[in-house]
Engineer: 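Supplied in structure tokens, the structure appears directly below.
The first residue in the sequence is number 1, and the count goes up from there.
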Amino acid sequence: MGQSKQTRVFLLNDMEKLEKRLYRLEQGFELQFRLGPTLQGKPITVHTNYPAPGEQFVRCKFRALQWHNPTGREDDSDKYCQLDLKIAGSFQYYFCQENEKRGEGYIVVDPLLRVGADNHVLHLDCITLQTFLSKCLGPFDEWESRLRVAKESGYNMIHFTPLQTLGLSRSCYSLADQLELNPDFSRPGKKYDWDDVGKLVEKMRKEWNVLCITDVVYNHTAANSKWIQEHPECAYNLVNSPHLKAAWVLDRALWHLTCDVASGKYKDRGLPPLIENEQQLNCIRKIMWEDVYPKINLWEFYQVDVSKAVSQFRTLLAKDNGKKVAKADPKQHLKIIQDPNFKRFGCTVDMNTALATFIPHSNGPAAIEECCNWFRKRIEELNAEKLRQMNYHQEQAINCVLGNVSYERLAGQGPKLGPVTKKHPIVTRYFTYPFQEITLEEEETLMHRPDKACHFMAHNGWVMGDDPLRNFAEPGSNVYLRRELICWGDSVKLRYGSKPEDCPYLWEHMRKYTEITAKLFHGVRLDNCHSTPIHVAEYMLDMARKLQPDLYVVAELFTGSEELDNIFVTRLGISSLIREAMSAYNSHEEGRLVYRFGGEPVGSFVQPSLRPLVPAIAHALFMDVTHDNESPILHRSAWDSLPSSAIVSMACCATGSTRGYDELVPHQISVVSEERFYTKWNPKTTVSSPGEVNLQSGIIAGKQAINRLHQELGAKGFIQVYVDQVDEDIVAVTRHCPHTHQSVVAVSRTAFRDPKTSFYSKEVPQMCIPGKIEEVVLEARTMERKVMPYAKNENYINGMPEYTVEIREHIQLKESKIVKQVGITTKGPNEYVQEIEFENLTPGSVIIFRVSLDPKAQEAVGILRSHLVQFTPHFTSGSLPDDNAFPILKTPFASIISKLTLADLNQVLYRCDAEEQEDGGGCYNIPNWTPLKYAGLQGLMSVMVDIRPKNDLGHPFCDNLRSGDWMIDYVSNRLISHSGTSAEVGKWFKAMFTYLKQIPRYLIPCYFDAILVGSYTSLLDQTWKQMSSFVQQGSTFVKHLAMGSVQMCGIGNFPALPPLSPALHDVPYRINDVTKEKEQCCPSLAAGLPHFSSGIFRCWGRDTFIALRGLLLLTGRYLEARNIILAFASTLRHGLIPNLLGQGTHARFNCRDAVWWWLQCIQDYCNTVPNGTDILKCSVSRMYPTDDSPALPAGQVDQSLYDVIQESLQRHVQGIQFRERNAGPQIDRNMKDEGFNVTAGVDLNTGFVFGGNQFNCGTWMDKMGESERARSRGIPSTPRDGSAVEIVGLSKSTVRWLSELSKKKIFPYQGVTIKRGGKDVMLTYEEWNRKIQDNFERLFYVSEDLENPNEEHPDLVHKRGIYKDSYRASSPWCDYQLRPNFTVAMVLAPELFTPKKAWKALEIAEKKLLGPLGMKTLDPDDMVYCGIYDNALDNDNYNLSKGFNYHQGPEWLWPIGYFLRAKLYFSRLIDPETSLKTVFLVKNVLSRHYVHLERSSWKGLPELTNENGQYCPFSCETQAWSISAVLEVLHDL
């Protein structure tokens, strides 16, 4: 199959500890660690113990990974470090910031298993495993004939229980010697060894294509192991674990109770040896309390000897007599200190605490005696508390003992052990006792003799509901004392300690055992994994993987929690977790497990080869039954064996069974007591022949067929799964191959109830199978046959001969005995559905169909795939040549779109609903959901980016695609309706969709997505190709922000800009559809989507020029930038450019700042564009050559741009004063009459531009009050009259620039003319520049000097070390408000600021104003601050009603760009360390914008957020100046 390299991206986030999450990867994958938003901008180092190429894995050896920054830029969005995964196992990573660990986790890389003489790969999903109890294989020379049953039954992996010497109990898991092969496998004259086993295993791998795994048992050893007697330190004994002494005494007391009950001693007290009822259980309880506990006084192990302690205290008091005793620490209370040797009454108390607590009031003997009495009383209280605790433990111990007796002797499903004897005691012994029996009192003396006590070793077992990560035999656990252990009396628990040095012999012994296993076998099953100390298993598996790098590790976990399971899976690198179908209580649950344990839904989307790494569930080894559970025949019926194992084998994971299931053995084959041998394979045997089986036995023939099918489906990529519960007993499982679109459908009729005794309907529901049934792969029915019924054989493990399977393979539908008839219906023109009617689908039957698409649909899919190969090699397999291709499809898509301009791309990719409506269209509306955000491809992609990774095929978007062609046609027809290259793109889509419409509806979402993903990514590449090197070589973040330029800059149906001078070159034209005349069609910038995107509200002077540098100049769109600058120049009137452009004819000249932003953009254009100053000579067609002239057509009055610039500056120094045209409610329904009077000018003393009044708002903070209720209507929220700080900065930047240009003779004017003493005199730009320079910091800086003479209103100062927001506002307190506007002046005219003062002000702004995405527009300490903007709220609150607080707290995005740029600039002037820290801060802040951009369905940055970055529903979802400001920061970085 054509496959790209698979790369997974792991996003690291601060303080994430992920050991409870499983991240699974395959060998050959590349893993990239990238910084998540919480870490971007921080100096992070990633460390891992995945070895460097050519080195061995050492768990504790970590190395730092190198960062790669593909763009070499400063932002961290693309920075990654990588691992090429070539070896299997569990690997740890952690990451640090300056040596402090900030997060960690594990990855698990799957092993690569190989079989056969040719070493071909056996994929994990192809595994079919069968378990054998090794002791039932008989002499080694007979193994092959017994193991052949697995091969002939279609299994490709055999699991052996341990092959080592067994302990006395003969349990498969109680091993006497971990290093020796079980001598039972040898014959008197022939001894076999591990080499013989190795040769057989290798033969099976090469010749049979069968791999072998075996158990490793690390937790315990048989109690009779010779080595444990010689090395008792390897067990928990009373010398190394004295905390178990009380539990041992209780255990011995219970043994003596057993002897007494067995001898009939308690018969007359109602407790005979044979326990038969609850009453007798109550007698045990009574005897325990009355006879057992009083004899052994267990509490004494935890108590203090009172007399001894008091005597010692008295002596100390006398000795210290007269000395000043330290005062008691109130936190230090007297408490019992446990005796580390756990002797009776061996505990003590801290005498220093006692002396400080009980102080005699005098030195007399009476006072000392009184003190001793108080001390005695306290000790007695502490002892009493220990007695209470012990009673609580003893009560629990009795409950556990009785629970055990009840299960073993009374319960219906229990073993019914019969009378109490020494062989079957009341309870299993918890400790070994290798000495002759003496009285309990005498036995206790042995406890204090280390040579004896070391042989009293704790048995192993398991604890119901216990924390698997806690070792129940260690100090601190009372499991043995409380009798909570379900004990294996044949096995001693092993005590490893925390490292090999703690018990060298044990670690070394088990290492040898592991190495023997790893040399011979291809994998291991970790027995009792959840109770194995995890650090021990880690160490042993590391040893095993040194010898067998691709070790297949399986385990069964009983932690009861997926998170806890994951700790074992991730730390040990477990390849597959054993799951069991027997846990399903009905067929519906069995089907659910199939769906849960593997595969993806049918019709799933094609995932990109580079994608995020997401948590997985552990790979499953799904068994119909495991060897330590009862035969399903006992709980279900023999008839169910075949259908249930067919359901299991259809799962997309490893599957397995245990020997005996297929032969229908009707009982559990006990791992402890079973001593008979398995049957051998003999193809010629008869049913009655004992000791032999073949395909006629049990369900072996059926199992062979479904095992082979399971392997084929795994190998051929049938990775999609659909489970259909047809009725309460019938489950249909579909496995589908997404490359060939072949399916295999298995219909199984389960028989959880015995059909002989339960009713099953003969009426079976019809089934609809989409596609064409090619063949019946298999039909099999469980049948009864006339033979002697089952009788248990004495020598061989035999099954039920009375059942067999009637089986037929690879037949045509018409030959089927289970299918009655087939009807063909068509569901839509291309949907071919076969209706199946069954007649013999009896309980215990299975029928499996192979289904392909209808031939026409198959051809359409193949052709579609061939056209998709141009986007990704993934579609190579299953592709077919297109002999009759549409002409447009013969041209590669990349070359069709190479003719698209960026304005065309705006149409193809974007256009919100309001923009589309101008063209008479609209965005596509998805029923039962919402309309798309854009009419172009981005609208669809924004939805699919959420659906695709989750394969959310039930989403209304997918429903709509499956239900009809409306969305498909919308995509192509919308583009075809436009002229030019966009229409060509539409035709390409239409041709592709012709094939799409011919495939089954369930596949349409997947292929629609594939077509769109391929074309969309090509269109993005085409976009970036037309942009500047800053974008082309930029990071993903830069590239995606640059798309904002295409999003915002487009051409509508009606021209948004006034016409440019006919004298200009390179002006785009088009033919008007209605008038058929040629008209200019210059792209314009929308202020924001969706609210400011169309009609007269699309273009705003201020928004356009705040956004123009970032969106057009930095992206290399110089022509569009020139045309927009000149278009606005043509509308100059009163020395201002419009706020609302209204195509020039409906312009409003009511803002003081837009003209300065326009002038700044002309400066930026000249500095950015090659030969940029040529723009100054460009012709501007003046629409209003005088303030009162009507709007003139283009070309009537032309001027050079420099003349227009000069006019605007001249008008400012002369003073601007006019009343807006058409003043009144027709242009602004809220403004008071005085607000329509516009004024602006220049203070000739300071050089500051000033203007405005308290009834209008001429800067960007332009909220006009609207609420009658709150009495705010017509009152600006933020008039900012006087000299606004950012306008002063903008004007400073402009006059400085013009001064430089005039010196170089590039700008023909040296200054402006002013009246002085009645005469016209020149104020040069140089002088104007100096005036601002000299006065700015003197008048704008709020000094930390309380006596500063420049401070006009010292009483209004509430923050020092900041810059005022304005100077001489009509409300003086407004000057002193902390807002983010001063940062604009810092970026555009940094020379105005003293670096240290600037830095202090920026630090205050950071602390007070910086939000997650934007800057608070007002200091939160201000009394009118409110950070939540709600334009719909109308109440009595003056400060809030109708969104009056628009700029009084909500966090706007564009100012954050200037804040960050100012920080970057001034940090470099402070010192290198500050500069470095600032870069980190900037990256970190920007990472949040990156996350927002990626997650936003608008693919933009909003106008504003509410406080602390909360979503604001009244904000534009994507705003031009927001995107531009962030792009400018990235450019500065």
Engineer: Please test Gln92 against Thr48 for side chain to side chain donor-acceptor pair (under 3.5 Å), starting from the C-alpha separation and ending with a verdict.
Structural biologist: CA-CA 6 Å; Gln92 196 177 353; Thr48 179; over 6 Å; no
Engineer: Can you check whether Leu1041 reaches Leu1501 side chain to side chain, under 4.5 Å on heavy atoms?
Structural biologist: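 Side-chain contact under 4.5 Å: yes.
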Engineer: Just by distance, with hydrogens left out, do Asp125 and His619 show a side-chain donor and acceptor under 3.5 Å apart?
Structural biologist: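 Yes, His619 and Asp125 have a side-chain donor paired with an acceptor closer than 3.5 Å.
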Engineer: For Glu562, is there an ion pair with Arg596 - N to carboxylate O distance below 4.0 angstrom?
Structural biologist: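 Yes, charged N to carboxylate O under 4.0 Å.
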Engineer: Given the ring of Phe1480, does Lys42 sit roughly above its face, with NZ or CZ under 6.0 Å from the centre of the six-membered ring and within 45° of the axis?
Structural biologist: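 Cation-pi check for Lys42 and Phe1480: fails.
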Engineer: Do Val121 and Leu113 touch side chain to side chain, with heavy atoms closer than 4.5 Å?
Structural biologist: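 A side-chain contact is absent here, since even the closest heavy-atom pair is not under 4.5 Å.
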Engineer: Among pairs that include at least one residue of residues 597-606, which meet salt bridge (charged side-chain N to carboxylate O under 4.0 Å, His left out), considering only residues two or more places apart or in two chains?
Structural biologist: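 Passing the test, one end in residues 597-606: no pairs.
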Engineer: I'd like to know whether the aromatic ring centres of Tyr539 and Tyr496 sit less than 6.0 Å apart in this structure.
Structural biologist: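 No, they do not, as the ring centres are separated by 6.0 Å or more.
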Engineer: Compare every heavy atom of Ala537 with every heavy atom of Leu572, then report the nearest pair and how far apart it is.
Structural biologist: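 That would be CD2-CB, 3.6 Å.
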Engineer: Taking only residues at least two apart or on different chains, which pairs with a member in residues 1485-1513 satisfy salt bridge (charged side-chain N to carboxylate O under 4.0 Å, His left out)?
Structural biologist: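 Every candidate salt bridge (charged side-chain N to carboxylate O under 4.0 Å, His left out) pair involving residues 1485-1513 fails, so no pair, neighbours aside, qualifies.
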Engineer: With a 4.5 Å cut-off on side-chain heavy atoms, are Ser77 and Arg34 touching?
Structural biologist: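 A side-chain contact is absent here, since even the closest heavy-atom pair is not under 4.5 Å.
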Engineer: Are the aromatic rings of Phe1030 and His1531 close, with centres under 6.0 Å apart?
Structural biologist: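 Ring-ring flag for Phe1030/His1531: true, centres closer than 6.0 Å.
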Engineer: Do other residues, nucleotides or ligands put more than 12 heavy atoms under 6.0 Å from Lys1408 NZ?
Structural biologist: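 Buried by this count: over 12 neighbours within 6.0 Å.
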Engineer: State, to 0.1 Å, how close Tyr94 and Cys96 come at their nearest heavy-atom pair, and which atoms those are.
Structural biologist: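 So the minimum-distance heavy-atom pair works out to CE1-SG, 3.4 Å.
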Engineer: Report yes if the side chains of Pro1450 and Thr1417 come closer than 4.5 Å at any heavy-atom pair, otherwise no.
Structural biologist: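 Yes, their side chains come closer than 4.5 Å.
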Engineer: Using a strict 4.0 Å threshold on nitrogen-to-oxygen distance, state whether Asp1532 and Lys1463 make a salt bridge.
Structural biologist: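 Not counted as a salt bridge, because no side-chain N and carboxylate O are separated by less than 4.0 Å.
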Engineer: Which heavy-atom pair separates Lys1416 from Leu1410 by the least distance, and what is that distance?
Structural biologist: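 That closest heavy-atom pairing would be NZ-O, 4.2 Å.
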Engineer: Check Val602 against Gln720 and note the closest heavy-atom contact, atom names and distance.
Structural biologist: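 Heavy-atom minimum between the residues: CA-OE1, 3.5 Å.
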Engineer: Taking the basic N atoms (NZ, or NE/NH1/NH2) and the acidic carboxylate oxygens, is any pair closer than 4.0 Å for Glu100 and Arg102?
Structural biologist: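 Yes, this pair counts.
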Engineer: Taking C-beta and beyond as the side chain, do Leu12 and Glu16 meet within less than 4.5 Å on heavy atoms?
Structural biologist: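 Leu12 does not reach Glu16 side chain to side chain.
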Engineer: Is it the case that Asp78 and Ser1035 place a side-chain donor and acceptor less than 3.5 Å from each other?
Structural biologist: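 Judged by distance alone, the side chains do not pair up.
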Engineer: Any chance you could lay out the side chain to side chain donor-acceptor pair (under 3.5 Å) test for Asn566 and Glu19, step after step, and finish with the verdict?
Structural biologist: CA-CA 7 Å; Asn566 282 345; Glu19 70 165 359; over 6 Å; no
Engineer: Should the pair Glu30-Arg8 be classified as a salt bridge under the 4.0 Å nitrogen-to-oxygen rule?
Structural biologist: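 Judged by the 4.0 Å cut-off on N to carboxylate O distance, Glu30 and Arg8 do not form a salt bridge.
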Engineer: Side-chain contact, heavy-atom cut-off 4.5 Å: Phe1037 with Lys1039?
Structural biologist: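 In short, these two side chains do not touch, never coming nearer than 4.5 Å.
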Engineer: Could you walk me through whether Tyr80 and Leu35 satisfy the side chain to side chain contact (heavy atoms under 4.5 Å, CB included) test, starting with their C-alpha distance in whole Å, then the side-chain angles of each, then the deciding distance to 0.1 Å, before giving a yes or no?
Structural biologist: CA-CA 7 Å; Tyr80 68 90; Leu35 297 178; over 6 Å; no
Engineer: Got a second to check how far Asn471's CG is from Ser477's OG, nearest 0.5 Å?
Structural biologist: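 Atom-to-atom, Asn471:CG and Ser477:OG are 8.0 Å apart.
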Engineer: Ring centroid separation for Tyr23 and Phe10, is it under 6.0 angstrom?
Structural biologist: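 Centroid separation for Tyr23 and Phe10: below 6.0 Å.
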Engineer: Nearest heavy-atom pair of Ser90 and Arg545: which atoms, and what distance?
Structural biologist: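 That closest heavy-atom pairing would be N-NH1, 4.4 Å.
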Engineer: Under a 3.5 Å cutoff, is there a donor and acceptor pairing between the side chains of Tyr1490 and Gln40?
Structural biologist: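 The criterion, which ignores hydrogens and geometry beyond distance, is not satisfied for Gln40 and Tyr1490.
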Engineer: Between Asp527 and Arg525, is there a salt bridge with N-O shorter than 4.0 Å?
Structural biologist: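 Yes.
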Engineer: Can you check whether Tyr106 reaches Arg21 side chain to side chain, under 4.5 Å on heavy atoms?
Structural biologist: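 When only atoms from C-beta onward are counted, Arg21 and Tyr106 do not touch, as no gap falls below 4.5 Å.
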Engineer: Please give me the minimum heavy-atom distance between Pro51 and Arg63, naming the atom from each residue.
Structural biologist: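 Heavy atoms only, the tightest pair is O-NH2, 3.4 Å.
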Engineer: May I have the step-by-step check of side chain to side chain contact (heavy atoms under 4.5 Å, CB included) for Leu1486 and Leu1460, ending in yes or no?
Structural biologist: CA-CA 9 Å; Leu1486 293 184; Leu1460 295 174; 3.9 Å; yes
Engineer: With a 4.5 Å heavy-atom cut-off, do Glu1451 and Pro1412 have their side chains touching?
Structural biologist: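 When only atoms from C-beta onward are counted, Pro1412 and Glu1451 do touch, with a gap below 4.5 Å.
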Engineer: Working note: Gln1047 + Ile1523, criterion side chain to side chain contact (heavy atoms under 4.5 Å, CB included); need CA distance, chi angles, decisive distance, verdict.
Structural biologist: CA-CA 11 Å; Gln1047 194 185 87; Ile1523 298 171; 3.8 Å; yes
Engineer: Apply the test side chain to side chain contact (heavy atoms under 4.5 Å, CB included) to residues Val594 and Phe597: give CA-CA distance (whole Å), side-chain angles for both, the deciding distance (0.1 Å), then the verdict.
Structural biologist: CA-CA 6 Å; Val594 170; Phe597 296 139; over 6 Å; no
Engineer: Is a salt bridge present between Glu1473 and Lys1477, judged by a nitrogen-to-oxygen distance below 4.0 Å?
Structural biologist: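 Lys1477 and Glu1473: salt-bridged.
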Engineer: Are the charged groups of Asp542 and Lys546 less than 4.0 angstrom apart, N to O?
Structural biologist: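 Between Lys546 and Asp542 there is no salt bridge, as every charged N stays at least 4.0 Å from the carboxylate O atoms.
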Engineer: Please round to the nearest 0.5 Å and tell me the distance separating atom CG of Leu557 and atom CG of Asp565.
Structural biologist: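 If we round to the nearest 0.5 Å, Leu557:CG and Asp565:CG are 4.5 Å apart.
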Engineer: Does NZ or CZ of Arg1461 come closer than 6.0 Å to the centre of the six-membered ring of Tyr1458, within 45° of the ring's axis?
Structural biologist: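 The answer is yes; both the distance and angle limits are met.
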Engineer: Run Asp466 and Arg470 through salt bridge (charged side-chain N to carboxylate O under 4.0 Å, His left out) and show every step you take.
Structural biologist: CA-CA 8 Å; Asp466 195 36; Arg470 182 186 79 135; 3.0 Å; yes
Engineer: Could you check, using the six-membered ring where one of them is a Trp, whether Trp929 and His955 have ring centers closer than 6.0 angstrom?
Structural biologist: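 They qualify: ring centres under 6.0 Å apart.
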Engineer: Can we call the ring centroids of Phe33 and Tyr93 under 6.0 Å apart?
Structural biologist: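 So the answer is yes for these two rings.
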Engineer: Are Phe57 and Tyr50 close enough that their ring centers fall under 6.0 Å?
Structural biologist: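 They do not qualify: ring centres at least 6.0 Å apart.
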Engineer: Just do the salt bridge (charged side-chain N to carboxylate O under 4.0 Å, His left out) check on Glu55 and Lys61 with the steps written out, would you?
Structural biologist: CA-CA 11 Å; Glu55 289 193 11; Lys61 185 179 167 191; 3.1 Å; yes
